[in-house]
J.: 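Below you'll find the structure I mean.
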Amino acid sequence: MKSRNTELQTAESAYQYALRILTGRDYSVAKMREKFFARNLSESDVEAALLRLQREGWLDDRRYAERFAELALANNRYYGQRLRQEMRRRGLDAALVDEVLELLNECLDEGSEIKVVLDRRYPEFRFSAATDRDKQRVIGYLQRRGFGFSKIIKTLKVHNLN
């Protein structure tokens, strides 16, 4: 039986491997590069395979960044600075991340997003009636999602009135 790490030996086999895994989900160029190097492929073969995948439209960091950001926001998973960190952690260029998030932020209202998360996660939470511990728990949860502290406080106070 062949060792899994020696399975890829050429740019063509790397390309075929990438096509197989890209049917399951998108990857950034950086993450695909990591996958290739983990399989002991030479640098020249990695670059040849990556170039071909990009040229044919199978790998596209912009598309990956837009999809990742849209899904993260739609699922209330990450927002703001936390979303930016997660995108950078996935190997996306800082300028591309800034550009994608700027476009998305034009369409979003942070206060509305906070309300959506509150209604889903803490439907009974009322800021004025909550204990300090409960306030800290909710604020911490929202901050870990990437919302700004001042916007959280403002929204919690306004949301409490509705």
J.: If hydrophobic clusters are built by linking Ile, Leu, Val, Met, Phe, Trp and Tyr wherever their side-chain heavy atoms come under 4.5 Å apart, do Val117 and Ile153 end up in the same one?
T.: yes

J.: Please find the pair of heavy atoms, one from Leu118 and one from Val138, that lie closest to each other, and give the distance.
T.: CD2-CG1, 3.7 Å

J.: Please evaluate residues Glu12 and Arg52 with respect to the criterion salt bridge (charged side-chain N to carboxylate O under 4.0 Å, His left out), reporting the C-alpha separation (whole Å), side-chain torsions for both, the decisive distance (0.1 Å), and the verdict.
T.: CA-CA 10 Å; Glu12 180 61 30; Arg52 182 176 174 190; 2.7 Å; yes

J.: Which heavy atom of Leu83 sits nearest a heavy atom of Ala72, and at what distance?
T.: CD1-CB, 3.7 Å

J.: Relative to the ring of Phe125, is the ring of Phe127 parallel (under 30°), tilted (30 to 60°) or perpendicular (over 60°)?
T.: perpendicular

J.: Stepwise, does the salt bridge (charged side-chain N to carboxylate O under 4.0 Å, His left out) test hold for Glu47 with Arg33?
T.: CA-CA 8 Å; Glu47 294 309 317; Arg33 180 178 280 115; 3.2 Å; yes

J.: Yes or no on salt bridge (charged side-chain N to carboxylate O under 4.0 Å, His left out) for Arg67 and Glu70, after CA distance, side-chain angles and deciding distance?
T.: CA-CA 5 Å; Arg67 286 181 180 170; Glu70 287 169 1; over 6 Å; no

J.: Cationic tip of Arg121 within the cone over Tyr141's six-membered ring, i.e. under 6.0 Å and within 45° of the normal?
T.: yes

J.: At what distance, to the nearest 0.5 angstrom, does CG of Leu53 lie from CZ of Arg55?
T.: 9.5 Å

J.: Is it the case that the side chains of Tyr15 and Glu56 hold a donor-acceptor pair, with the cut-off being a distance below 3.5 Å and no angle test?
T.: yes

J.: Roughly how far apart are Leu142 CG and Lys151 NZ, rounded to 0.5 Å?
T.: 13.0 Å

J.: Within the distance-only criterion (no hydrogens, no angle test), does the side chain of Asp26 pair as donor or acceptor with the backbone N or O of Leu59 below 3.5 angstrom?
T.: no

J.: Is Leu71 reachable from Leu101 through a run of I, L, V, M, F, W or Y residues, each pair having side-chain heavy atoms under 4.5 Å apart?
T.: no

J.: Going through the checks in order, is the side-chain contact (heavy atoms from CB on, under 4.5 Å) test met by Phe36 and Asp45?
T.: CA-CA 9 Å; Phe36 286 157; Asp45 286 340; over 6 Å; no

J.: Asp134 vs Thr131, test: side-chain contact (heavy atoms from CB on, under 4.5 Å). Steps then yes/no.
T.: CA-CA 5 Å; Asp134 286 341; Thr131 65; 3.4 Å; yes

J.: Can you name the closest pair of heavy atoms from Ala11 and Ala49 and give their distance?
T.: O-CB, 3.8 Å

J.: Looking just at side-chain N and O atoms, do Tyr17 and Arg39 make a donor-acceptor pair shorter than 3.5 Å?
T.: yes

J.: Between CZ of Phe37 and CE of Met32, what distance do you get to the nearest 0.5 Å?
T.: 13.0 Å

J.: Taking side chain to side chain donor-acceptor pair (under 3.5 Å) as the test, write out the residues that go with Asp60, two or more places apart.
T.: none

J.: Do you know which two heavy atoms are closest between Ala65 and Leu92, and how far apart they sit?
T.: CB-CD1, 3.7 Å

J.: Going through the distances and angles, do Met87 and Val100 end up as a side-chain contact (heavy atoms from CB on, under 4.5 Å)?
T.: CA-CA 10 Å; Met87 292 174 75; Val100 167; 4.3 Å; yes

J.: Under 4.0 Å between a side-chain nitrogen and a carboxylate oxygen: does that hold for Glu99 and Arg62?
T.: yes

J.: Arg82 versus Phe147: any side-chain heavy-atom pair under 4.5 Å?
T.: no

J.: Once rounded to the nearest 0.5 Å, what's the spacing between atom CD1 of Ile152 and atom CD of Gln143?
T.: 4.5 Å

J.: For the side chain of Asp93 and the backbone of Ala95, is there at least one donor-acceptor N/O pair under 3.5 Å apart?
T.: yes

J.: Grab the two heavy atoms, one from Ala69 and one from Leu104, that are nearest each other, plus how far apart they are.
T.: CB-CD1, 3.3 Å

J.: Charged N to carboxylate O below 4.0 Å: is that the case for Arg63 and Glu66?
T.: no

J.: Let me see the working for Glu113 and Arg145 under salt bridge (charged side-chain N to carboxylate O under 4.0 Å, His left out), right down to the final yes or no.
T.: CA-CA 11 Å; Glu113 295 296 319; Arg145 294 290 173 277; over 6 Å; no

J.: Run Leu41 and Thr10 through side-chain contact (heavy atoms from CB on, under 4.5 Å) and show every step you take.
T.: CA-CA 7 Å; Leu41 198 62; Thr10 66; 5.9 Å; no

J.: Determine whether a donor-acceptor pair (N or O, by modelled atom type, separation under 3.5 Å) exists between the side chain of Ser28 and the backbone of Arg90.
T.: yes

J.: How close do Tyr27 and Ile21 get, counting heavy atoms only, and between which atoms?
T.: CE1-O, 3.8 Å

J.: Would you say that more than 12 heavy atoms from the other residues, nucleotides or ligands in this model lie under 6.0 Å from the CZ of Arg133, or not?
T.: no

J.: Test of understanding: clusters of I, L, V, M, F, W, Y form through side-chain heavy atoms closer than 4.5 Å, transitively. Do Tyr122 and Val116 belong to the same one?
T.: no

J.: Treating Arg144 as the side-chain partner and Gly140 as the backbone partner, does any N or O pair qualify as donor plus acceptor under 3.5 Å?
T.: yes

J.: How far does OH of Tyr78 sit from CG of Asn75, to the nearest 0.5 angstrom?
T.: 10.5 Å

J.: To the nearest 0.5 angstrom, please state how far the CG atom of Leu96 sits from the OH atom of Tyr64.
T.: 11.5 Å

